K.L.:
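For reference, the structure I am asking about is given below.
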Amino acid sequence: VQLQASGGGLVQTGGSLRLSCAASGFSLEYYTMCWFRQAPGKEREGVSCIRRSDGRRYYVDFVKGRFTISRDNAKNTVYLHMNSLQPEDTAVYYCAAGAVSPILSSWARPGTYDYWGQGTLVTVSS
């Protein structure tokens, strides 16, 4: 099982990026797929998830309306479309997968997920 995250980079405030997470060794349609991020000196935090059972999407409040998670089962890839990026979005972004169907109170807990990608750095300049 492997998750390969890509798409990070340097962008100006207000810009956009699309992160990709390619899965291998399993079919992501049977897994809840998530994006977490970790800024320097801070704990890892949940950004967004797409639930395996029904495709329900969860977003943390500070990205609602700016970020969109999507899944392409044919390509076995999950995406995070990020718009209106702000300097506070600067972090290493990680994708994660779990054979779970989390609820509102559990989706953002890192311990919920079994598999993690290596992370991709997003830097937003002011």
Side-chain angles (χ1 to χ4, degrees):
V1 173
Q2 192 171 16
L3 297 172
Q4 182 71 39
S6 62
L10 175 64
V11 64
Q12 292 185 334
T13 296
S16 299
L17 283 174
R18 187 186 75 167
L19 305 184
S20 300
C21 177
S24 59
F26 69 99
S27 295
L28 63 80
E29 65 181 305
Y30 301 115
Y31 284 74
T32 290
M33 301 297 298
C34 299
W35 289 95
F36 285 75
R37 70 186 187 187
Q38 188 166 18
K42 295 187 176 181
E43 293 186 352
R44 191 168 298 190
E45 59 184 1
V47 176
S48 182
C49 284
I50 183 166
R51 195 163 65 183
R52 63 173 180 170
S53 53
D54 55 7
R56 177 173 179 172
R57 292 165 170 82
Y58 294 103
Y59 297 96
V60 68
D61 284 347
F62 49 76
V63 306
K64 286 180 179 178
R66 299 190 298 125
F67 292 10
T68 302
I69 191 169
S70 63
R71 180 175 64 195
D72 186 332
N73 292 337
K75 294 183 178 180
N76 221 31
T77 299
V78 64
Y79 303 97
L80 185 67
H81 307 260
M82 305 187 295
N83 297 318
S84 301
L85 283 161
Q86 302 298 315
E88 51 267 35
D89 295 317
T90 295
V92 177
Y93 284 71
Y94 298 90
C95 58
V100 294
S101 295
I103 57 177
L104 187 61
S105 62
S106 64
W107 74 266
R109 297 175 188 167
T112 300
Y113 306 98
D114 300 314
Y115 306 112
W116 292 82
Q118 85 288 1
T120 186
L121 177 62
V122 172
T123 303
V124 185
S125 63
S126 57

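Predicted model only: the values in this text are computed from it and were never measured.
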K.L.:
Output the distance between atom CG (Asp72) and atom CD (Glu29), rounded to the nearest 0.5 Å.
P.N.:
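The CD atom of Glu29 is 11.0 Å from CG of Asp72, to the nearest 0.5 Å.
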
K.L.:
With a 6.0 Å cut-off on the ring centroids, do Tyr31 and Phe26 count as close?
P.N.:
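Centroid separation for Tyr31 and Phe26: below 6.0 Å.
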
K.L.:
What are the two closest heavy atoms between Cys49 and Tyr113, and how far apart are they?
P.N.:
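Closest approach of Cys49 to Tyr113: SG-OH, 3.3 Å.
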
K.L.:
Hey, what do you get for CG (Leu80) to CG (Leu17), rounding to the nearest 0.5 Å?
P.N.:
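One finds 9.5 Å between CG of Leu80 and CG of Leu17.
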
K.L.:
How long is the span from the CZ atom in Arg37 to the OG1 atom in Thr90, to the nearest 0.5 Å?
P.N.:
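Between atom CZ of Arg37 and atom OG1 of Thr90 there are 9.0 Å.
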
K.L.:
Just checking, is any N or O donor in the side chain of Asn83 or Ser16 under 3.5 Å from an acceptor N or O on the other one?
P.N.:
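Yes, because at least one side-chain N or O of Asn83 sits under 3.5 Å from a partner of the opposite role on Ser16.
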
K.L.:
Under the side chain to side chain contact (heavy atoms under 4.5 Å, CB included) criterion, do Val60 and Phe36 qualify, and how do the steps go?
P.N.:
CA-CA 10 Å; Val60 68; Phe36 285 75; over 6 Å; no

K.L.:
Mind checking the CD1-OG1 spacing from Ile103 to Thr112? Nearest 0.5 Å is all I need.
P.N.:
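It is 9.5 Å, given to the nearest 0.5 Å.
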
K.L.:
Does a side chain donor of either Ser48 or Arg57 reach within less than 3.5 Å of an acceptor in the other side chain?
P.N.:
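Per modelled atom types, Ser48 and Arg57 side chains form no pair under 3.5 Å.
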
K.L.:
Classify the ring geometry between Tyr79 and His81 as parallel (under 30°), tilted (30 to 60°) or perpendicular (over 60°).
P.N.:
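Tilted: the ring planes of Tyr79 and His81 meet at 30° to 60°.
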
K.L.:
Check the SG atoms of Cys34 against those of Cys95: under 2.5 Å or not?
P.N.:
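Their SG atoms do not fall under 2.5 Å; no disulfide, then.
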
K.L.:
Checking side chain to side chain contact (heavy atoms under 4.5 Å, CB included) for the pair Cys21/Tyr94: CA distance, chi angles, key distance, verdict?
P.N.:
CA-CA 9 Å; Cys21 177; Tyr94 298 90; over 6 Å; no

K.L.:
Parallel, tilted or perpendicular: which one describes the rings of Trp107 and Tyr58, with boundaries at 30° and 60°?
P.N.:
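Ring orientation, 0 to 90° scale: parallel.
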
K.L.:
Would you compute the distance between atom OH of Tyr115 and atom CG of Leu3 and round it to the nearest 0.5 angstrom?
P.N.:
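Between Tyr115 OH and Leu3 CG, I get 9.5 Å after rounding to 0.5 Å.
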
K.L.:
Starting at OG of Ser125, measure out to CD of Gln12 and round the result to the nearest 0.5 Å.
P.N.:
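Result: 5.0 Å between the selected atoms.
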
K.L.:
Measuring only between side-chain heavy atoms, which start at C-beta, is Thr13 closer than 4.5 Å to Leu85?
P.N.:
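Not touching, per the 4.5 Å side-chain cut-off.
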
K.L.:
Tell me whether Leu121 is reachable from Leu10 by hopping between hydrophobic residues (I, L, V, M, F, W, Y) whose side-chain heavy atoms are closer than 4.5 Å.
P.N.:
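No; tracing contacts between hydrophobic side chains, which count when under 4.5 Å, never links both residues.
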
K.L.:
Any idea which heavy atoms bring Thr77 and Lys75 closest together, and the distance?
P.N.:
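Minimum heavy-atom contact is OG1-O, 2.9 Å.
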
K.L.:
Might you confirm whether atom CZ of Phe62 has over 12 heavy atoms from other residues, nucleotides or ligands at distances under 6.0 Å?
P.N.:
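Yes.
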
K.L.:
With side chain to side chain contact (heavy atoms under 4.5 Å, CB included) as the test, would you mind laying out the steps for Met33 and Arg52 before giving the verdict?
P.N.:
CA-CA 7 Å; Met33 301 297 298; Arg52 63 173 180 170; over 6 Å; no

K.L.:
If you look at every heavy atom in Gly8 and Leu19, which pair is closest and at what distance?
P.N.:
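Here Gly8 and Leu19 meet closest at N-CD2, 3.6 Å.
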
K.L.:
Do you know the tightest heavy-atom contact between Ile69 and Tyr59?
P.N.:
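Residues Ile69 and Tyr59, closest heavy atoms: N-OH, 2.9 Å.
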
K.L.:
Would you mind reporting whether Thr32 and Pro102 have side-chain heavy atoms less than 4.5 Å apart?
P.N.:
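Pro102 reaches Thr32 side chain to side chain.
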
